[in-house]
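Note that ligands are numbered from 1 as they come in the structure, with each ligand's atoms numbered from 1 the same way.
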Amino acid sequence: MNKLLIVGTVAFDAIETPFGKTDKILGGAATYIGLSASQFDVESAIVSVVGEDFPQEYLELLKSRNIDLSGTEIVKGGKTFFWSGKYYNDLNTRETLDTQLNVLADFEPVVPEDFKSPDIVMLGNLHPLVQKSVLDQLKRPKLVVLDTMNFWMDNTWDQLVEVIGQVDVVTINDEEARQLSKEHSLIKAAAKIEEMGPKYVVIKKGEHGAMLFHGGKVFFAPALPLDEVFDPTGAGDTFAGGFTGYLAQTGDISFENMKNAVVYGSNLASFCVEKFGTERMQELTSKEVQQRLYGFKALTQFDIKLT
Ligand code: AMP
């Protein structure tokens with residue numbers, strides 16, 4: 001079985017959407033990535049940090065998905081990373097109300113011995129110096145994928161640009177792609193990001209799907225139109241978990257196979273948004289995942305006769 005190493009936050013989130021409000025629930029980029037990737041036949045591990053306040057039952061949940069947590073440090077007396085965000089009627093835009101780094105502020109990641117030669121690395125949203133430190137501990141993996149967000153662009157620009165220069169794929173949302181590239185057109189933005197180092201760029205556009213760019217080629221996958229979106233939190237990370245989980249399972253990192261990975265990522269993200277936080281991903285069955293893939297195929301297939 002191929003190995004997927006995941007780096008990212010394991011967190012407490014407080015979320016407000018037009019449909020309800022939660023207090024401190026399980027969240028974090030690595031949590032969503034791990035739950036999503038657990039839909040595939042891969043061996044995965046999360047490198048992260050939590051405080052002593054983090055419930056054991058959340059750790060057990062991740063372990064029950066076959067996720068190795070030996071690289072997830074528990075800091076004695078420390079407080080877990082906390083994020084709170086609010087969505088307005090347009091669920092595509094969110095406001096961060098609070099980010100408390102807590103134990104993340106001084107985190108020095110240690111990659112477990114068993115995961116020092118992973119096949120795929122998913123550097124989830126987290127301090128770029130932590131992302132870089134993890135890369136420095138590895139034998140060159142087949143593929144390194146990085147996700148980030150505006151918070152790190154605003155606060156740690158130079159370190160972020162440095163680590164982006166060392167990865168193969170960047171997954172990022174449309175507004176963040178514009179901020180990173182200083183280009184409005186997403187085509188130009190992707191080309192600029194490719195110039196920074198990565199050979200592939202995935203731009204996530206929420207309910208408007210995702211685009212994959214590589215050397216002048218573009219692939220687009222829509223998001224599945226849903227009756228109801230309840231809470232978009234974690235959709236991007238769930239996408240990343242599906243994208244890398246599928247690539248790790250198949251072991252094929254060609255552009256053609258990355259197109260399928262984009263569809264798998266979009267498919268899994270479509271479940272994530274149906275309930276608050278990680279709730280939907282916790283109960284998701286492989287049968288539901290397969291069924292919805294048929295929906296995806298039907299949505300995008302057409303039969304124009306070209307002469
Ligand atoms: P997404 O909706 O996919 O962009 O990711 C939401 C998750 O990202 C939440 O569960 C948060 O805990 C986590 N998060 C929010 N802000 C940050 C940040 N600055 N660094 C790392 N993770 C974050």
Side-chain angles (χ1 to χ4, degrees), residues 6-17 22-37 46-51 54 58 62 79-87 91-105 107 109 122-131 134 145-157 159-160 163 170-177 179 202-207 210 223 229-244 265-266 268-282:
I6 300 163
V7 187
T9 43
V10 173
F12 284 132
D13 287 351
I15 305 162
E16 195 176 331
T17 80
T22 67
D23 221 24
K24 276 200 164 184
I25 55 170
L26 171 63
T31 306
Y32 283 102
I33 295 168
L35 288 174
S36 180
I46 291 180
V47 169
S48 191
V49 63
V50 292
F54 198 69
Y58 290 166
L62 295 170
K79 278 177 76 181
T80 300
F81 174 84
F82 172 74
W83 173 79
S84 102
K86 181 173 176 169
Y87 298 84
L91 288 167
N92 279 328
T93 38
R94 84 169 164 215
E95 188 189 339
T96 289
L97 301 175
D98 195 6
T99 302
Q100 293 174 19
L101 294 181
N102 297 331
V103 287
L104 190 63
F107 178 43
M122 180 65 230
L123 298 175
N125 190 12
L126 182 130
H127 197 304
L129 281 184
V130 175
Q131 295 176 318
V134 166
V145 183
L146 175 141
D147 189 72
T148 189
M149 72 186 281
N150 51 359
F151 181 87
W152 302 111
M153 289 180 216
D154 295 339
N155 296 300
T156 55
W157 176 266
Q159 292 104 314
L160 180 61
V163 69
V170 165
T171 65
I172 195 166
N173 79 26
D174 41 3
E175 275 322 303
E176 289 154 359
Q179 186 177 350
V202 178
I203 299 185
K204 301 168 285 181
K205 292 162 51 101
E207 65 173 325
V229 173
F230 210 68
D231 170 18
T233 308
D237 303 311
T238 302
F239 173 93
F243 181 78
T244 47
S266 303
L268 285 161
S270 78
F271 289 102
C272 174
V273 302
E274 288 181 333
K275 288 194 175 172
F276 258 117
T278 57
E279 213 181 319
R280 186 70 177 99
M281 296 311 288
Q282 287 188 41

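- Contact annotation: for K204 versus ligand 1, there are no heavy atoms closer than 4.0 Å.
- With respect to the salt-bridge test (charged N to carboxylate O, under 4.0 angstrom), the residues R280 and E274 qualify.
- For atom 22 (N) of ligand 1, the closest non-hydrogen atom of the protein is T9 OG1, 3.0 Å.
- For Y32 (side chain) and A240 (main-chain N/O), no donor-acceptor pair under 3.5 Å exists by modelled atom type.
- Here the heavy atom of the protein found nearest to atom 20 (N) of ligand 1 is W152 NE1, 3.0 Å.
- More than 12 heavy atoms of other residues, nucleotides or ligands lie within 6.0 Å of CG in D98, so this atom counts as buried by the packing criterion.
- Looking only at protein heavy atoms, the nearest one to atom 2 (O) of ligand 1 is G234 N, 2.7 Å.
- For atom 21 (C) of ligand 1, the closest non-hydrogen atom of the protein is N125 O, 3.1 Å.
- Residues K24 and F82 have side chains in contact (heavy-atom distance under 4.5 Å, counting atoms from C-beta outward).
- Not a single heavy atom of F239 sits less than 4.0 Å from an atom of ligand 1.
- For the pair K275 and F230, the cation-pi criterion (under 6.0 Å, within 45° of the ring axis) is not fulfilled.
- Within ligand 1, counting atoms from 1 as listed, the ones closer than 4.0 Å to a heavy atom of F151 are 19 (N).
- For ligand 1, the atoms closer than 4.0 angstrom to any heavy atom of D13 are 9 (C), 10 (O), 11 (C), 12 (O).
- Looking at T233 next to ligand 1, no N or O pair under 3.5 Å apart turns up.
- Interface atoms of ligand 1 facing G27, defined by a heavy-atom separation under 4.0 Å, are 10 (O).
- Under a 4.0 angstrom heavy-atom cut-off, H127 registers as lying outside contact with ligand 1.
- Side chains of N125 and W152: a donor-acceptor N/O pair is present below 3.5 angstrom, by distance only.
- With no hydrogens or angles considered, no side-chain donor-acceptor pair links T31 and Y58 at under 3.5 Å.
- Contact of the L35 side chain with the T238 side chain is not registered, since no non-hydrogen atoms from C-beta on lie closer than 4.5 Å.
- Ligand-side atoms of ligand 1 in range of A11: 12 (O), range being under 4.0 angstrom from any heavy atom.
- The contact set between ligand 1 and G236, taken as ligand atoms under 4.0 Å from a residue heavy atom, comprises 3 (O).
- A distance-only check finds a donor-acceptor pair linking the side chain of T22 to the backbone of I15 [under 3.5 Å].
- Heavy-atom distances between F12 and ligand 1 stay at or above 4.0 Å for every pair.
- For ligand 1, the atoms sitting less than 4.0 Å from at least one non-hydrogen atom of G28 are 9 (C), 10 (O), 12 (O), numbered in the order shown with element in parentheses.
- For ligand 1, the atoms sitting less than 4.0 Å from at least one non-hydrogen atom of D237 are 1 (P), 3 (O), 5 (O), 6 (C), 7 (C), 8 (O), numbered in the order shown with element in parentheses.
- Atoms of ligand 1 lying under 4.0 Å from at least one heavy atom of R94, given by number and element, are 1 (P), 2 (O), 4 (O).
- Using a distance-only test at 3.5 Å, with no hydrogens or angles considered, a donor-acceptor pair links the side chain of Q131 to the main chain of D147.
- Side chains of D231 and T17: no donor on one and acceptor on the other come within 3.5 Å.
- Among all non-hydrogen protein atoms, the one lying nearest atom 14 (N) of ligand 1 is F81 CE2, 4.0 Å.
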